[in-house]
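Heads up, the thing below is written out as structure tokens.
This structure is a prediction, so every number in the text was calculated from the model and none was measured. A note on names: the letters A, B, ... follow the listed sequences, proteins ahead of strands, and every chain is numbered from 1.
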Amino acid sequence: MPELPEVEVVRAGLEPAVTAATVSSVQVYDERSLRRHPGPSEDFIDRLTGRRMLAPQRRGKFLWIPLSPIQPDNTPEALVVHLGMSGQVLLRDRVTDDLRTRIRIELLHPEHGPLRLNFVDQRIFGSMAIDTLVQTPDHPLQLVPTAVAHIARDPLDERFDDAAFFARLAKKSTTIKRALLDQTLISGIGNIYADEALWAAKVHYEQPTASLTRPRAKLLLAEVRAVLTKALAEGGTSFDAQYLNVNGQSGYFAHSLNAYGQQGEPCPRCGRPIVRESFMNRGSHFCPYCQRVR
DNA sequence: CCGGACTCCTGGTTGC
DNA sequence: TGCAACCAGGAGTCCG
């Protein structure tokens with residue numbers, strides 16, 4: 001279940017390997033991984049083959065690799081990757097295969113030579129697509145894929161507007177976990193880090209956003225950043241020097257979780273049992289004593 | 001605007 | 001032991 005830290009680990013791992021590399025060939029083994037590509041797989045292959053890749057970018061859980069334009073006046077395009085629930089982008093040498101590879105992209109890098117990207121995805125909730133890049137409304141020089149245009153900046157983005165976020169929270173009539181998972185409000189947070197940040201800030205997942213005091217909202221945002229930053233630091237430590245095993249799941253369960261999946265276990269703060277409740281078709285894990293609606 | 005239901009999907013786990 | 005039912009959830013869509 002890759003969230004912001006896992007996706008950033010993938011982005012950072014891909015950066016030195018794909019930047020300035022040229023796509024020599026593309027194989028699509030499962031068309032379902034192109035669900036979000038506007039066209040048949042032949043179109044995906046045609047538009048990607050021969051293109052040169054630029055530095056990978058990320059917003060929230062979306063990752064994209066801008067492609068060098070064929071003509072200077074062409075509409076800028078990018079290869080957009082979403083890992084969904086189980087997606088991985090594995091950076092390999094030219095002969096390594098991986099089980100459940102849905103799409104393979106062969107690259108030639110001017111310094112590193114031939115490389116291969118295996119897009120592996122067990123559950124096929126993830127996808128690859130070629131998309132056009134458009135301006136972001138709040139920054140004329142920054143481009144994002146059209147599929148990402150509605151996604152809010154993430155809390156580790158230096159242009160994330162804390163005050164605007166608090167103002168939108170106060171105006172909404174919804175509950176806080178729903179808001180944290182709303183990628184148009186704040187991006188990059190999934191079920192695991194939502195539960196972890198709420199636990200750390202002692203906020204109940206059904207706390208109405210409008211009644212969350214400003215100090216508590218500030219604390220919650222700080223805990224969101226702390227949880228994401230800590231996970232990022234732990235996930236970013238397992239790089240292999242020669243061939244980076246860029247793995248969306250790496251380090252995921254290595255870090256200690258205080259609430260997520262801990263139902264029945266003692267709350268690390270008060271010792272009372274963590275409870276799991278069903279919410280939004282997923283589990284919400286929390287301490288009923290530490291985290292109360294108020 | 002809001003929330004609930006539904007869709008996509010497969011492999012590990014649970015239950016009979 | 002074997003097999004079916006269940007469960008996990010990110011994101012989009014549709015509907016009331």
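The local environment of OH in Y29(A) is crowded, with over 12 non-hydrogen atoms from other residues, nucleotides or ligands closer than 6.0 Å.
For the pair K177(A) NZ and dG3(B) P, the interatomic distance rounds to 15 Å; values are reported in whole Å. Atom-to-atom, CD of Q122(A) to C1' of dT13(B) comes out at 13 Å; the value is rounded to the nearest Å. Here dC6(B) presents its P atom at 16 Å from CE of M280(A), a figure rounded to the nearest Å. Separating the CD atom of Q263(A) from the C1' atom of dA8(C) is a distance of 12 Å, rounded to the nearest angstrom. As a whole-Å value, the separation of D182(A) CG from dG4(B) P is 14 Å. Rounded to a whole Å, the CG atom of L99(A) is 12 Å from the C1' atom of dG11(B). The interatomic distance linking F279(A) (CZ) with dC2(B) (C1') rounds to 12 Å, in whole Å.
Salt bridge status for R47(A) with D43(A): present, with a side-chain N to carboxylate O gap under 4.0 Å. One finds a salt bridge joining R225(A) and D162(A) here, because a Lys/Arg side-chain nitrogen approaches an Asp/Glu carboxylate oxygen to under 4.0 Å. Between D161(A) and R153(A) no salt bridge is recorded (no basic side-chain N to carboxylate O distance below 4.0 Å).
Scanning for side-chain contact (heavy atoms from CB on, under 4.5 Å) contacts around Q57(A) gives A55(A), W64(A), P66(A), with sequence neighbours left out. Shown here are the salt bridge (charged side-chain N to carboxylate O under 4.0 Å, His left out) partners of D121(A), two or more places apart in sequence or in another chain: there are none.
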Side-chain donor-acceptor contacts of residues 264-281 of chain A below 3.5 Å, not counting sequence neighbours, with atom names and distances?
unit_1, atom_1, unit_2, atom_2, d
R269(A), NH1, W199(A), O, 3.0
R269(A), NH2, W199(A), O, 2.9
E277(A), OE1, Y205(A), OH, 2.3

Output a table of donor-acceptor pairs, distance under 3.5 Å, between side-chain atoms of residues 12-23 of chain A and any protein atom two or more places apart or on a different chain; print 'none' if there are none.
unit_1, atom_1, unit_2, atom_2, d
E15(A), OE1, R11(A), NH1, 2.5
T19(A), OG1, E15(A), O, 2.6

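Comparing the end axes of the helix from dC2(B)-dG16(C) to dC16(B)-dG2(C), each fitted to five base pairs by superposing C1' atoms of four pairs onto the next four, gives an inter-axis angle of 60° (nearest 10 degrees).
Residue R178(A) has a polar side-chain atom (N or O) positioned under 4.0 Å from OP1 or OP2 of dG4(B). For T174(A), no side-chain nitrogen or oxygen approaches OP1 or OP2 of dC2(B) to under 4.0 Å. Applying the 4.0 Å criterion to OP1 and OP2 of dT7(B), one finds that R35(A) has every side-chain N and O outside that range.
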Protein and nucleotides 9-11 of chain C: nitrogen or oxygen contacts under 3.5 angstrom:
unit_1, atom_1, unit_2, atom_2, d
dG9(C), OP1, N191(A), ND2, 2.8
dG9(C), OP1, Y260(A), OH, 3.2
dG9(C), OP2, G283(A), N, 3.1
dG9(C), N1, R123(A), NH2, 3.0
dG9(C), N2, R123(A), NE, 2.7
dG9(C), N2, R123(A), NH2, 2.1
dG9(C), N3, R123(A), NH2, 2.8
dG10(C), OP2, N191(A), N, 3.4
dG10(C), OP2, R282(A), NE, 3.4
dA11(C), OP1, H82(A), NE2, 2.6
dA11(C), OP2, K61(A), NZ, 3.0
dA11(C), O3', R36(A), NH2, 3.1

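A side-chain donor from one of S284(A) and K177(A) sits under 3.5 Å from a side-chain acceptor of the other.
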